[in-house]
Structure formats: structure tokens, C-alpha cells
There are 2 protein chains.
Amino acid sequence: MPMSSSNRVPVPTLGRLATYLRVLTELEQAHTETVSSADVEQQTGINAAQFRKDLSYFGEFGKPGVGYSVARLQESIAAILKIDRRQPVVLVGAGNLGSALIGYPGLTEHQMDLVAVFDNNPQRIGCQVRNLYVQDIQRFATVNETLQARIAILAVPAGAAQRVAEVLVAADVRAILNFAPTLLRLPAAVVVRNVSFMQELAVLSYHVSSNEQEENGEEQAGEQNNSVRPILHST
Amino acid sequence: MPMSSSNRVPVPTLGRLATYLRVLTELEQAHTETVSSADVEQQTGINAAQFRKDLSYFGEFGKPGVGYSVARLQESIAAILKIDRRQPVVLVGAGNLGSALIGYPGLTEHQMDLVAVFDNNPQRIGCQVRNLYVQDIQRFATVNETLQARIAILAVPAGAAQRVAEVLVAADVRAILNFAPTLLRLPAAVVVRNVSFMQELAVLSYHVSSNEQEENGEEQAGEQNNSVRPILHST
DNA sequence: ATAACTGTGTGAAAGGTTGCACAATCTAGT
DNA sequence: ACTAGATTGTGCAACCTTTCACACAGTTAT
């Protein structure tokens with residue numbers, strides 16, 4: 001007997017749902033019918049109880065003593081994440097990274113329909129990348145009136161990010177995947193996720209040098225490690 | 001009088017250090033000499049106390065009543081993150097994403113020296129990307145004996161990731177930035193950071209549709225939002 | 001000197017997330 | 001039917017992270 005109502009869903013849970021979905025797709029391709037939370041732990045490194053709790057935010061999907069129907073769970077999670085229908089997405093910034101993202105298979109796999117690419121560089125405007133022509137960012141408001149994209153991928157230089165983001169939001173974009181290393185100041189209703197290679201590299205760099213003396217052979221499985229010994233101490 | 005010794009540093013702290021460093025570089029270019037934790041909050045959206053606590057893991061860097069010397073703090077953080085010297089980094093996977101990363105300016109800015117690119121696709125081996133020639137991954141062990149890279153960027157398809165990661169680790173790589181959507185099972189001593197656009201997009205997608213009815217104009221500043229109302233409830 | 005500010009470093013509180021442990025529930029075999 | 005075995009959904013405790021709040025330390029002005 002479920003009772004979820006207006007409880008709030010942790011953001012990490014949403015991220016993990018995407019991981020579950022990936023595993024379910026693999027299982028489906030292997031013609032597996034049923035899966036248990038323990039199986040999922042085995043595949044993802046995410047604790048079985050965590051998996052069950054993540055799902056419990058949205059209802060009850062499993063049968064005690066049996067597990068979860070792969071096909072059913074897949075549909076349910078897709079519905080939760082709203083990727084059961086194709087979603088229009090726009091890309092702004094057709095530089096290195098932007099162009100690479102156009103071909104990224106993960107987008108279509110997750111029903112993200114890249115419908116337009118924008119840039120402000122006259123050298124790039126009009127160019128064809130994959131199956132899309134790069135358009136002038138100045139035309140964004142007009143074009144998006146037709147496209148109605150609510151999700152945008154922002155792959156412009158840091159200096160331009162805030163300005164461009166405001167243009168997007170003015171044209172009804174509600175969610176931004178931001179690759180620029182800057183803080184975007186936007187209305188609270190707009191959701192921003194920052195992808196920062198910098199930060200990840202910092203973590204790696206720190207660890208590499210601090211692990212200098214350790215030596216053991218355990219397996220690691222979790223998606224994120226938690227903390228490490230500091231090494232430097234300066235004043 | 002500091003007393004940090006073998007306390008453990010939270011991973012989020014390391015990520016934020018990279019952000020502070022970015023802001024400090026901007027401040028230096030604007031010829032600002034001194035900065036307070038409140039200034040940093042203004043620039044980054046990260047709570048001032050958080051900033052001070054993050055630094056406190058490594059020592060004392062500020063003067064009460066004055067703030068922090070921009071130049072000094074910059075050096076200190078760079079030293080903590082071990083990016084005060086150039087670090088050799090290798091890239092595996094010269095596909096779309098991999099190629100884009102070769103040109104990514106953030107790498108050099110953070111003293112990451114991309115010294116070699118590998119792939120297993122014969123069509124790509126030998127090709128020049130920017131200033132590097134793509135080498136056969138089979139030669140990795142040999143080549144890295146000379147290069148001595150400890151950090152690797154893994155931008156190969158999911159199916160190849162585990163296999164390649166093991167090759168890297170066998171050749172003394174200790175930290176991997178993994179762009180493949182798979183769980184890497186590696187010795188615990190190896191640090192893995194996963195970058196998953198999928199997960200970020202899932203969060204965006206979920207939010208876009210759930211925000212359907214809201215309407216308010218507050219500013220958002222933090223780097224991460226925390227939770228949201230669920231909308232779906234299925235069985 | 002002293003008073004009035006400003007801003008650091010940190011102990012303690014608040015808040016959020018993860019993992020354990022177990023009752024409840026379903027299946028299958030006898 | 002009944003028992004044994006499997007596996008879910010969840011209250012609770014442990015853990016981790018963030019934020020508050022304040023003592024203490026420099027700085028400036030009088």
C-alpha cells in the first residue's frame with residue numbers, strides 16, 4: 001500500500017534512475033525477464049537497499065520473493081524521467097565540445113531529440129554539423145517559438161555563458177546542461193546542472209599524488225568514493 | 001595554530017577547490033590583491049563558511065580582519081591539488097568526444113599535459129589530432145613506461161571500457177576520468193571519476209516536466225539543487 | 001590606548017543521504 | 001494446506017555535508 005504524495009525526491013536518486021535504466025536495457029537485450037535488487041547491485045555497484053528506496057519514492061514496482069519485471073520497470077523509470085516520449089533539445093555552442101555532443105549516441109538513447117544548434121560565430125553559422133545547420137543565436141527566440149525546446153545544452157566559452165543563458169531562459173528554456181565553468185545566475189525555476197571536467201580532474205590529481213605509498217588489492221564498486229587523507233599542510 | 005594531520009578530506013571539497021582556483025585566477029587578472037570568503041561566496045554561490053572550512057582541511061591561509069592574499073591562496077590551492085607542476089595525462093579513445101577533449105582549454109589551464117592519444121580502431125591509428133598522433137592501444141604498456149602518466153581519460157564505448165581500463169591500470173595508471181557509461185571494477189587503489197551526461201540529462205528531464213505549474217522569480221546561486229517534488233505514481 | 005570594525009577559524013547544530021535489518025509478501029515444493 | 005526460501009518496502013540508525021554562530025585576531029580611527 002503506497003503512500004507517496006508530495007515527498008521530495010533527492011537529486012542523486014534521479015541520477016541513479018538513469019543508471020538503472022541503462023542496466024535494464026542491457027538485461028532486456030539479453031532476454032532476461034526478471035531482476036532483483038541484488039542483481040542490480042551486482043551490475044551497478046549501487047547498494048540494493050538504495051535501489052529499492054530510490055524506487056519507493058515513486059511507488060511499488062516489485063513483487064516480494066520474485067523481483068522486478070525488466071520490461072515493466074524499464075517503462076516505469078522511463079515514465080518517471082519523462083523520457084518515454086522524445087524531447088526536443090537545443091545545443092548552443094558549436095565549438096569542439098558542442099560538435100562532439102551532436103554525435104553523442106547517449107542523447108538519442110535517452111530520447112533527447114537534438115533539434116537545433118546555435119552559435120554566435122559568423123564563421124560557424126550556416127555550417128552543417130551532422131544533420132543540422134548551425135543557426136545564429138540571435139534568432140533563438142524566434143526559432144524556439146516553433147521548436148518549443150525546454151532543455152538546452154550550453155557549450156559556449158565561460159565569458160558568454162551568462163548572457164546566452166539569459167537569452168535561452170527568455171525563450172522559455174527551463175533546464176540547462178552547462179559545460180561552461182561559470183556560475184549561472186538565473187531564476188530559481190530554471191534547473192541548471194553543471195558539468196565540470198575541471199572539478200573531476202582536480203579530484204583525480206589530488207588522489208594520484210596522495211596514493212603514493214598505498215598498496216592493496218580490494219575491488220572498488222561504488223560510483224563515488226567519499227574522502228581521502230590530506231597530504232599537504234601549508235601556511 | 002593548525003592541527004590537521006590525517007583527517008579525511010571530503011571529495012566535494014576537492015571539487016570546490018578547483019572552483020576557487022578559477023575565481024582566484026580571474027581576480028588575479030583583474031589585479032585584485034585580497035579577497036574575503038564573502039567575496040568568494042558572491043562569485044561562486046558557495047557559502048562563505050563552506051569556503052573557509054574547505055581550506056581549513058589544509059591549514060590556515062587567511063588573515064582575520066583582512067582576508068586572503070589572492071596570489072598566495074592561488075599558489076596554495078594549486079599545491080594542494082598538485083597542479084603546481086605539469087602532469088602527464090593520456091587519452092584513450094579518439095572518437096567524437098575524445099577528439100573534442102584534446103582541444104579542451106581547461107586541460108592546459110589546469111596543468112594537465114595531454115601527452116598521448118590511443119585507440120584500437122585501425123582507421124584512427126596514425127591519424128593526427130591537433131598536435132598528437134593516435135597510437136595503438138596495444139602499445140600502451142610500452143609507451144607509458146616512458147611517459148609515466150598516472151592519469152588517464154577514458155572516452156571509449158561502454159563495451160570496451162572495462163577491458164581498456166585494466167590495460168591502463170596494469171601500466172601504472174592510478175586515476176581515470178571515465179566517460180563510458182559502465183561500472184569499472186578496478187583495484188580500490190585506483191581512483192575513478194565518472195562523467196555521465198545521461199545522469200545529468202535525467203535530472204533535467206525530470207525537472208522540466210515537474211515544473212509545469214510553478215512560477216516565481218527568485219535567484220538561484222548554489223552549484224547543486226537538492227530535491228524536488230515527485231509527480232508520477234505508478235504500480 | 002581604546003573603541004569600533006572587519007573577517008577568519010571552528011565547534012556545534014541542522015539537514016540530507018546511505019545502509020542495515022526486519023516484517024510483510026509472494027512462490028514453489030511437498 | 002503448510003513450510004521453506006526468496007525478495008520487497010521501509011523505519012531507524014549511522015554517516016557525511018553544509019550552515020550557523022561566535023570567540024578570537026588583525027586593522028583603522030580617534
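Letters go in sequence order (proteins before strands), and every chain restarts at 1. Every value quoted in this text rests on a predicted model; they were computed, and no experiment measured them.
Residue-to-nucleotide proximity on DNA chain D shows that, of A/G65 and A/K53, the 5′-proximal contact is made by A/G65.
Closest to the side chain of A/P10, out of C/dT17, C/dT18, D/dG26, is C/dT17. Comparing C/dA21, D/dG9, C/dG7 by their nearest atom to the side chain of A/A49 picks out C/dA21. Relative to the side chain of A/P12, the nucleotides C/dT17, D/dT17, D/dT10 differ in distance, and C/dT17 lies closest. With D/dT8, C/dG7, D/dA21 as the candidates, the nucleotide lying closest to the side chain of A/S36 is D/dT8. Comparing C/dG19, C/dC26, D/dG9 by their closest approach to the side chain of A/E60 singles out D/dG9.
For the residue pair B/T19/A/Q199, the side-chain donor-acceptor check at 3.5 Å is satisfied. In the model, B/R150 has a side-chain atom that pairs as donor or acceptor with a side-chain atom of B/Q148 under 3.5 Å.
For A/R16 and C/dT18, the shortest distance from a side-chain N or O to OP1 or OP2 is below 4.0 Å. Distances shorter than 4.0 Å separate some side-chain N or O of B/Y68 from OP1 or OP2 on C/dG9.
Proximity of A/V92 to A/L168: side-chain heavy atoms (C-beta onward) are separated by under 4.5 Å at one or more points.
In this structure, OH of B/Y57 is placed 13 Å from C1' of C/dG11, rounded to the nearest angstrom. Put simply, CG on B/L14 is 15 Å from P on D/dC16, counting in whole angstrom units. In this entry the distance linking CG of A/N47 with P of D/dG9 reads 15 Å, nearest Å. Look at CG on A/L73: it is 14 Å from C1' on D/dT7, rounded to the nearest Å. Distance CZ (B/F58) to C1' (C/dT10): 16 Å, rounded to an integer number of Å. Computed from coordinates, the A/Q50 CD to D/dG9 C1' distance equals 14 Å when rounded to whole Å. Per the geometry, NZ belonging to B/K63 stands 12 Å off P belonging to C/dG9, to the nearest Å. Put simply, CG on A/L55 is 11 Å from C1' on D/dT8, counting in whole angstrom units.
Across all strands shown, A/S37 has heavy atoms under 4.0 Å from sugar-phosphate atoms exclusively, and none from any base.
B/Q162 and B/L183 make their closest contact through OE1-O, 3.8 Å (heavy atoms, listed as atom of the first residue, atom of the second, distance).
With sequence neighbours excluded, the residues that form a side-chain hydrogen bond (donor to acceptor under 3.5 Å, both in side chains) with A/T25 are A/Q74.
Separation of atoms CZ (A/F51) and OG1 (A/T13) is listed at 12.0 Å; rounding is to 0.5 Å. Taking OG1 of A/T182 as the reference point, atom CG of A/N178 lies at 6.5 Å (rounded to 0.5 Å).
Overall, the helix from C/dA1-D/dT30 to C/dT30-D/dA1 carries an axis bend of 0° between its ends, with five pairs at each end and the value rounded to 10°.
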